[in-house]
Protein chains: 2
Amino acid sequence: MTRPLRPAPRSPRKPRPAVAAHKAPAKAAGTRSGKAAASKPYHHGDLRRVLVEAAFDLVAERGPETVSVREAARRAGVSPGAPFRHFESRDALMAAVAAEAQRRFRQEIATALAAVPADQPLRRFRALGLAYLRWAMRNPGHFEVISDGRLFDFDAAQGEASGLKADNAEIIDMSAQWLADASAKGLLRSADVKLMQIAGRALVYGYARMKADGHFPRWGVGEAEIEPMAEAVLDLFLAGIAKGDGPIKGRAPRA
Amino acid sequence: MTRPLRPAPRSPRKPRPAVAAHKAPAKAAGTRSGKAAASKPYHHGDLRRVLVEAAFDLVAERGPETVSVREAARRAGVSPGAPFRHFESRDALMAAVAAEAQRRFRQEIATALAAVPADQPLRRFRALGLAYLRWAMRNPGHFEVISDGRLFDFDAAQGEASGLKADNAEIIDMSAQWLADASAKGLLRSADVKLMQIAGRALVYGYARMKADGHFPRWGVGEAEIEPMAEAVLDLFLAGIAKGDGPIKGRAPRA
DNA sequence: ACCTGAACACCGTTCAAGT
DNA sequence: ACCTGAACACCGTTCAAGT
């Protein structure tokens, strides 16, 4: 329900209704000079951040494809050309949005992992997968931005999205490490750590994308079922790679 | 390598180079009237199909996002407004492209299944997954169009994409049936057919999307590894849901 | 140093007018 | 019945000119 499946038919020739009440940004004072904030200053002062916030909100409200530089400029109360003083292109703006989304996502993962002992690799692997699924499910627009291939090899280490790349590499390394640890402890049926890592990633990525892409209705999965089934799917995978027939240690069996 | 990751920087203000040699469509004669085909007739005769073909090729060459109605019109040699006599909107044109892609995909699946005996449900399930992965991998653009949520509840049974929906439902039904059969034969560890069905779908969809979205380089999976690993991932999943420790019947073990 | 406003080359879509 | 061509409301991006 977070955004319409089709990006609002554009409605040509009709000036858009409402929503356009963004003339003066409600930022109130907040700028460094202690003077009266009544008259909008010529220099914005913090435009870069405001643009990223506007685009970030747009992504959450209506999905990544609907974000336009001009709309972000409108919401920030500046002219159409102004953003290009701060971002080389629309993609660069989106990369900044992706970096911000990834920052928040990373925080949630850290929180989820804090609750799991370091010496239980499979439980950590599971917690990572669950945090990934939950976050993606609850932030489909931001999940899409992060996953968009276009934004990634955006010049490799180009300052903009370098945090994005680093965070991603961290997740890749962690998951490989935990699987290797689990394997060393004799917890896994297979010794092919990379295979299990890629399969696990494909599983959670695919599930999250099915949600974001609106596939679940046609697979007969109702809205309320989606999150519980995400967990069940993850556990099915873990049970499949783990040695023995019992459920993964540390999870309550599904009633 | 099928398309650039970024949609070609638009290069404003410069008229595009080459490529514009599409003035007269190379369709030669072919039209019903036996007259000389030298002068382009005012009425195209088969515009609808030509537009779908043009868009279909565009999808393969440069990805779905780059398709424009105007470019399809250009390739068909008609004016910008002409397509709207045949398609209500850009989305309707894309839905027609998706239907055509799905038609071909369905054919490939049928071929793959023809080689597997009807009484071996797990092998059929595997063949379906493999055909899905292979087709998606080799036709990333068309895979994306088919998967695009926007094109689906395009008015439910709206004539345009009704074949698309029917084909999809068929795949859903087949996979459920085979899992149920396998379960009845005592081949599976779990009795939750729907869960295995959704998990399997998430796995193959996620893997195919990782390919289409360009994720594999950062996961350390080289181009040449992608297809073999697809198969291995599928078998890992099958080994996980199947009863017993041996490999799935009918597949050669990975050396 | 940063922003405006007008421009250019696109795009989707409509619609009168042509054939 | 189908197509053209001009139009409108967008969009990304550039650039001289303003502050």
Side-chain angles (χ1 to χ4, degrees), chain A residues 6-17 19-20 23-25 31-33 39-51 54-55 58 62 64-95 150, chain B residues 6-17 19-20 23-25 31-33 39-51 54-55 58 62 64-95 150:
Chain A
R6 266 184 292 170
R10 277 247 198 174
S11 77
R13 201 158 302 199
K14 275 168 216 131
R16 86 190 61 193
V19 178
K23 230 60 224 232
T31 27
R32 52 274 163 91
S33 75
S39 68
K40 188 178 75 171
Y42 193 85
H43 289 77
H44 192 287
D46 202 14
L47 182 54
R48 196 198 136 91
R49 191 186 0 168
V50 173
L51 287 168
L58 239 12
R62 313 197 300 228
E65 335 81 66
T66 74
V67 175
S68 80
V69 177
R70 291 181 104 110
E71 173 72 13
R74 244 173 263 129
R75 290 199 173 192
V78 296
S79 76
F84 293 90
R85 209 44 57 172
H86 300 271
F87 299 98
E88 178 189 50
S89 64
R90 195 195 102 114
D91 270 6
L93 172 59
M94 293 305 271
R150 256 183 307 259
Chain B
R6 265 183 293 170
R10 277 246 200 174
S11 78
R13 201 158 301 197
K14 276 168 217 130
R16 86 189 60 193
V19 179
K23 230 61 224 229
T31 27
R32 52 270 159 93
S33 75
S39 69
K40 187 177 76 171
Y42 193 85
H43 289 77
H44 191 287
D46 203 14
L47 183 53
R48 196 198 136 91
R49 190 186 1 168
V50 173
L51 287 169
L58 240 11
R62 312 198 301 229
E65 336 80 67
T66 74
V67 174
S68 80
V69 176
R70 291 180 103 111
E71 172 72 12
R74 243 173 264 130
R75 291 198 172 193
V78 296
S79 75
F84 292 90
R85 210 42 58 173
H86 300 271
F87 299 99
E88 178 188 52
S89 64
R90 195 195 102 115
D91 270 6
L93 173 59
M94 294 304 271
R150 255 184 306 260

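Keep in mind that the numbers below use all heavy atoms, side chains included, and drop hydrogens, waters and symmetry copies. Keep in mind it's a predicted model, so treat the numbers as computed, not measured. Reminder, nothing fancy here: chain letters follow the sequence lines and each chain counts from 1.
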- Query: Hey, which of these two, B:G81 or A:S68, hits DNA chain D nearer its 5' end, going by closest nucleotide?
  - Reply: B:G81
- Which atom pair, heavy atoms only, marks the closest approach of A:A76 to A:L51? CB-CD2, 4.0 Å
- Message: Once you apply a heavy-atom cut-off of 4.0 Å, does A:R85 come out as touching a base, just sugar-phosphate, or nothing?
- Response: base
- Message: Of the options C:dG12, C:dT4, D:dT13, whose atoms approach the side-chain atoms of B:V69 most closely?
- Response: C:dG12
- Derivation of the side-chain contact (heavy atoms from CB on, under 4.5 Å) call for B:R75 and B:L58: CA-CA 10 Å; B:R75 291 198 172 193; B:L58 240 11; 3.3 Å; yes
- Message: How many whole angstroms separate atom CD of B:E71 from atom P of C:dA9?
- Response: 17 Å
- So which heavy atom on A:R90 is nearest to which on A:S68, and how close? NH1-N, 4.4 Å
- Grab the CD-P distance between B:E88 and C:dT13 for me, whole Å please. 9 Å
- Item | Separation of C:dT4 C1' from A:F84 CZ (nearest whole Å) | 14 Å
- Task: Give the rounded distance in Å between these two atoms: CD of B:E65 and P of D:dG12.
- Result: 15 Å
- Measure from NE2 on A:H86 to P on D:dT13 and round the result to the nearest Å. 15 Å
- Note on the structure: By nearest-heavy-atom nucleotide on DNA chain D, the more 5' of B:R70 and B:L47 is B:L47
- Task: Quick one: look up who C:dT14 pairs with, Watson-Crick or G-U, both distances under 3.5 Å, and put none if it's unpaired.
- Result: D:dA6
- Task: In whole angstrom, give the distance that lies between atom CZ of B:R74 and atom P of C:dA9.
- Result: 14 Å
- Message: For B:L93 versus B:A72, what's the shortest heavy-atom pair and its separation?
- Response: CD2-CB, 4.4 Å
- Task: Measure the distance from CZ on B:F87 to C1' on D:dC2 and round it to the nearest whole Å.
- Result: 14 Å
- Work out which heavy atom in A:A73 is nearest to a heavy atom in A:S79; give both atom names and the distance. CB-O, 3.7 Å
- Mind calculating the distance between CE (A:M94) and P (D:dG12) to the nearest angstrom? 10 Å
- Message: Could you identify the nucleotide paired to D:dT19, looking across every strand shown and requiring Watson-Crick or G-U wobble geometry with both distances under 3.5 Å?
- Response: C:dA1
- Would one find a side-chain N or O of A:S79 under 4.0 angstrom from OP1 or OP2 of C:dC3? no
